[in-house]
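Below: the structure, in structure tokens.
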2 protein chains.
Amino acid sequence: MNTSEPAAKSITKSIAKGGIREENERHILDCAERIFAERGFGGATMQVIADEAALPKANLHYYFSSKETLYRRVVERIFTIWLEAAASFETSATPETALRRYIARKMEMSRTHRYGSKVWANEVMQGAPIIQDYLEVTLRDWTDTRIALIDRWSAAGRIAPVNARWLLYMIWATTQHYADFAHQIETLNEGRALSDAQWRDATETVIGIILRGVGLDPGPGPDAGDAP
Amino acid sequence: MNTSEPAAKSITKSIAKGGIREENERHILDCAERIFAERGFGGATMQVIADEAALPKANLHYYFSSKETLYRRVVERIFTIWLEAAASFETSATPETALRRYIARKMEMSRTHRYGSKVWANEVMQGAPIIQDYLEVTLRDWTDTRIALIDRWSAAGRIAPVNARWLLYMIWATTQHYADFAHQIETLNEGRALSDAQWRDATETVIGIILRGVGLDPGPGPDAGDAP
DNA sequence: GTCTATAGATTGATAGAC
DNA sequence: GTCTATCAATCTATAGAC
């Protein structure tokens with residue numbers, strides 16, 4: 001061994017929960033996500049991200065070798081979160097339960113992960129230079145299995161005959177709109193963020209229109225329904 | 001008069017239809033719209049726009065004094081087109097006709113003005129630094145009158161009771177998704193643009209889900225309905 | 001690990017020949 | 001009106017002191 005290999009200590013640090021490296025990387029990723037979300041890859045600068053993180057610009061390059069590496073890590077983290085939400089579309093549930101849970105989860109995601117949704121939107125609008133392989137493999141597989149499921153529902157008469165692909169796009173578009181166009185929505189809400197009640201109401205409205213739109217009875221909604 | 005004022009000739013040129021200035025400005029605006037659409041304001045560069053237009057960079061500054069001026073002209077042109085589409089939501093029509101026409105028009109716009117829609121999306125995602133006044137005045141007024149109209153429909157029992165604001169957002173989101181996320185949609189369509197038949201089918205599906213979703217009967221659709 | 005200083009490339013914008 | 005050459009500012013990325 002020689003003096004140029006303090007590897008053991010560094011690795012231990014980076015693996016340990018709450019280690020300096022892990023904590024700083026997460027902080028930088030959080031800040032970078034906000035900046036990339038609002039300016040896109042080309043519009044964001046390392047200087048602005050560094051300012052957001054309250055760090056010297058050189059520290060970003062210490063943790064992430066390049067701007068593209070940092071961006072890639074941000075996008076990959078978002079895709080992981082997207083996968084978790086996608087899992088809430090359970091293939092074993094009834095049509096009503098599966099659609100209701102999935103829409104509610106996606107609306108919740110738009111509220112809690114606004115910036116992640118915007119980064120995804122920016123990336124797709126730019127032609128998905130980084131995530132094209134995710135679109136072609138993971139997203140396509142997920143979409144195909146859900147379309148097959150919805151088609152079986154239609155064939156069995158459990159929902160009205162409806163093109164499953166356009167239905168899925170409608171759910172994606174509507175739910176993600178509340179994240180991607182949050183600024184417009186807040187401007188039209190007298191400049192204020194949507195309240196808890198408004199989020200619940202919007203979610204129930206979206207669920208109601210979609211369920212009735214595919215021939216299902218949305219019922220009285222969770223609030224009224226839970227009371228004895 | 002002195003030699004520094006060839007104003008008469010220049011103005012005549014710039015006003016005449018097909019004048020060099022008018023033609024070049026339109027060409028540059030078209031190219032700039034595509035670049036701003038995919039990279040946003042900060043991500044786009046005058047060099048890339050010049051390459052897209054097959055012109056030296058200096059020519060852009062001859063016609064538009066700054067990058068921001070060029071961007072502002074692009075955004076203002078898009079807003080004008082948006083206003084025309086917004087007018088297709090006629091306040092005098094029946095609920096079914098008004099919704100059907102408006103959705104169809106918005107879907108058509110997403111197909112024919114993909115880049116304009118993306119510029120708008122980028123601008124809103126960045127917090128609308130340029131168009132904030134449009135959002136606060138023109139868009140708000142338009143939205144308020146349509147919400148009032150839809151509320152009257154609900155009160156009169158002509159449609160199911162539904163929150164008009166979330167319904168409008170749903171229509172905006174769904175139709176604009178076909179422009180803003182065109183790359184993702186085409187990737188999931190085996191890398192090909194949607195065909196005429198697919199656009200018709202998607203439009204009818206969206207109209208069908210929305211109309212049923214607000215308690216209306218969408219009927220057999222235009223194709224089947226027109227045949228004797 | 002953190003930070004200042006700076007290299008080398010690219011940016012928006014302009015000067016001036018044609 | 002068009003184009004080449006260029007400026008000052010800013011960008012990503014790195015070197016090297018601490």
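The shown structure was predicted, so the numbers you read here are calculated from the model rather than taken from an experiment. In the text below, chain A, chain B and the rest are named by the order of the sequence lines, each starting its count at 1.
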Report yes if a side-chain nitrogen or oxygen of [X] is closer than 4.0 Å to either non-bridging phosphate oxygen (OP1 or OP2) of [N]; otherwise report no.
X	N	value
B:N24	D:dG1	no
B:Y63	D:dT2	yes
A:H61	D:dA13	yes

| note | Among C:dC3, D:dA13, C:dA13, the one nearest any side-chain atom of B:S66 is C:dA13

| query | If you check the A:N59 side chain, which of D:dT2, C:dT2, C:dG1 turns out closest? | reply |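 Nucleotide nearest to A:N59's side chain: C:dT2.
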
| What residues in residues 34-58 of chain A put a non-hydrogen atom under 4.0 Å from any atom of DNA chain C? | A:P56, A:A58

Specify the separation, in whole Å, of atom [atom1] of [X] and atom [atom2] of [N].
X	N	atom1	atom2	value
A:Y62	D:dA15	OH	P	15 Å
A:L60	C:dT2	CG	P	11 Å
B:E68	C:dT11	CD	P	19 Å
B:Y71	C:dA13	OH	P	15 Å
B:K67	D:dC11	NZ	P	11 Å

| task | Before accepting this row, confirm whether a basic side-chain N of the pair B:E68/B:R72 lies closer than 4.0 Å to the acidic partner's carboxylate O. | result |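 Salt bridge present between B:E68 and B:R72.
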
| said: Can you confirm whether the side chains of B:Q132 and A:H183 place a donor and an acceptor under 3.5 Å from each other? | reply: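 Yes, side-chain donor-acceptor contact under 3.5 Å.
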
| request: State, with a plain yes or no, whether a side-chain heavy atom of A:H177 is found less than 4.5 Å away from one of A:T174. | output: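 Contact flag for A:H177/A:T174 side chains = no.
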
| message | Does any part of the side chain of B:V48, heavy atoms only, come nearer than 4.5 Å to the side chain of B:E52, both counted from C-beta? | response |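 Counting from C-beta outward, B:E52 and B:V48 never come under 4.5 Å.
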
| side-chain contact (heavy atoms from CB on, under 4.5 Å) partners for A:A53, two or more places apart | A:H27, A:C31, A:L55

| task | Give me the ring orientation class for B:W172 and B:Y169: parallel if the planes are under 30° apart, tilted from 30 to 60°, perpendicular past 60°. | result | tilted

